[in-house]
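These notes are about the structure you will find just below.
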There are 2 protein chains.
Amino acid sequence: MDGQALILRNVSNYISITGEEQAYFLSLLQSRNYHRKEYLQREGSNCNNFTFITTGCVKSYLLDQKGDEHILTIAPADWWVVDYMSFVFEQPGNLFIEAIDNTSTLILTKEKREELFRKLPQFERYFRILTERAFAVSQQRVTDILSLTAAARFEKFQQRYAHIAASLTQQQIASFIGVTPAFFSRMLKAKRK
Amino acid sequence: MDGQALILRNVSNYISITGEEQAYFLSLLQSRNYHRKEYLQREGSNCNNFTFITTGCVKSYLLDQKGDEHILTIAPADWWVVDYMSFVFEQPGNLFIEAIDNTSTLILTKEKREELFRKLPQFERYFRILTERAFAVSQQRVTDILSLTAAARFEKFQQRYAHIAASLTQQQIASFIGVTPAFFSRMLKAKRK
DNA sequence: GATCCGGGTTGACCTAGGTCAATCCGGATG
DNA sequence: CATCCGGATTGACCTAGGTCAACCCGGATC
């Protein structure tokens, strides 16, 4: 399935639009490819687009004072990535977004998105539903971090991200669940036993 | 300002609707009052409504295995509360929502909200924007928990929630930033010095 | 086949923050 | 005025997870 077909299928999970509308929607998107380790976005710059992953995989993360990486999201194919904080409040972001595989994307800029909302208000619905789901998951993540041990968080991670877990390094998983690679390694060892 | 005026003003921050539409919107809401410590929602039940706080204040939290409370959100007047995870995925929630002051609310059930979307699709936009903002803040909270010390999180909390901080107990603030009351007390002491 | 490099592992040690129980304090309640 | 109750504080001790540096290993690269 090509990128355009993928994104149209994604949209059709939530709203139904005619062939003409589909064509119009696609015309607003801009495709772009990145190779492994290339940045889609850097800390300090304003994020002014929604990026849909058609193939590959991307991570968003921030670097703390010590230079340690903390992964916020992992976006595989059929997923959107954005630095919401930067996008929504139109301020410089503190996230990096980086390809962890060679990846191809479709980009919807803020302006094009507004245009889309004007021409096809159903897309308000599409993004509303999308965001409500993402928000729910994010809330869950907050409560998980607040109330679970690292081991329990890892359990959940394995269940929820079974499909992509295999393609991630231990360092990345460790960062996502919020522990150091060293500790994560020990955790695994303890579990194996 | 009464509750209806408050919610209409809130809506008008994001979309503009006619007087007639306002009346219709209001007709879908159901008002209800709670006294301090009363539950709006309990763990295990399905959350099937959005609740707008018109006066007072509410917290949502979960209890972990040990029975310790972890506050997820604090919603003052002019704010919505929902257990998104339960609402969006239509599953039993694991949050309690409890009034921390006497509070009055306007309730929009899931069905009424769907009806609202059918009759006045602009409300898709209203909820989209609302959720995008809330999501951005939630993402920020995740990165804060992952990358900052308790003291730094408290700093941020003070800035962001200056207006309500005064009306919260230390226990509540401690739980919100993710530390125990005992540790929080020591933290304050260290700062005062 | 040597070198390099990016993981992953491991040991020895450290620290932020938790635990538990006692005590204190102020303001309702009776 | 005495009692109670829900915070807040404090001391003594504990532990999950961090730190730092050394080492290992497999698979590119030359």
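Below, chains carry the letters A, B, ... as their sequence lines are ordered, and counting in each starts from 1. Fair warning: this is a prediction, and the values are worked out from it, not measured in the lab.
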Could you check which of [options] has an atom nearest any side-chain atom of [X]?
X: A/T149; options: C/dT19, D/dG17, C/dG17; value: D/dG17
X: A/T180; options: C/dT19, D/dG18, D/dG17; value: D/dG18
X: B/A182; options: C/dC20, C/dG18, D/dG17; value: C/dC20
X: B/S185; options: D/dT19, D/dT10, C/dT9; value: D/dT10
X: A/A150; options: D/dT10, D/dG17, C/dG11; value: D/dG17

Over 12 non-hydrogen atoms of neighbours within 6.0 angstrom of CD in A/E114: yes
Between A/A151 and B/F183, whichever has its closest DNA chain D nucleotide further toward 5' is B/F183
Does [N] have its OP1 or OP2 closer than 4.0 Å to a side-chain nitrogen or oxygen of [X]?
X: A/K189; N: C/dT9; value: no
X: B/Q170; N: D/dG6; value: no
X: A/K66; N: D/dT19; value: yes

Checking A/R113 against A/F127: charged group under 6.0 Å from the ring centre and within 45 degrees of the axis? yes
According to the interplanar angle, ranging from 0 to 90°, do the rings of B/F176 and B/Y161 count as parallel (below 30°), tilted (30 to 60°) or perpendicular (above 60°)? perpendicular
Tell me whether the rings of B/F50 and B/F87 are parallel (<30°), tilted (30 to 60°) or perpendicular (>60°). perpendicular
Kindly indicate whether the side chain of A/R186 and the base of C/dG11 share any N or O donor-acceptor pair separated by less than 3.5 Å? yes
Identify whether any heavy atom of A/R36 sits under 4.0 Å from a base atom; if not, whether one sits that close to sugar-phosphate; answer base, sugar-phosphate or nothing. nothing
Hey, does B/K37 reach any base, or is it just sugar-phosphate, or nothing, if we go heavy atoms under 4.0 Å? nothing
So does A/R42 pair up with A/E98, basic N to acidic O under 4.0 Å? no
For [X] and [N], what is the distance between atoms [atom1] and [atom2] respectively, to the nearest whole Å?
X: A/E69; N: D/dG18; atom1: CD; atom2: C1'; result: 17 Å
X: A/L148; N: D/dA16; atom1: CG; atom2: C1'; result: 14 Å
X: A/L188; N: D/dG17; atom1: CG; atom2: C1'; result: 15 Å
X: B/L168; N: D/dG6; atom1: CG; atom2: P; result: 18 Å
X: B/F184; N: D/dT9; atom1: CZ; atom2: P; result: 9 Å

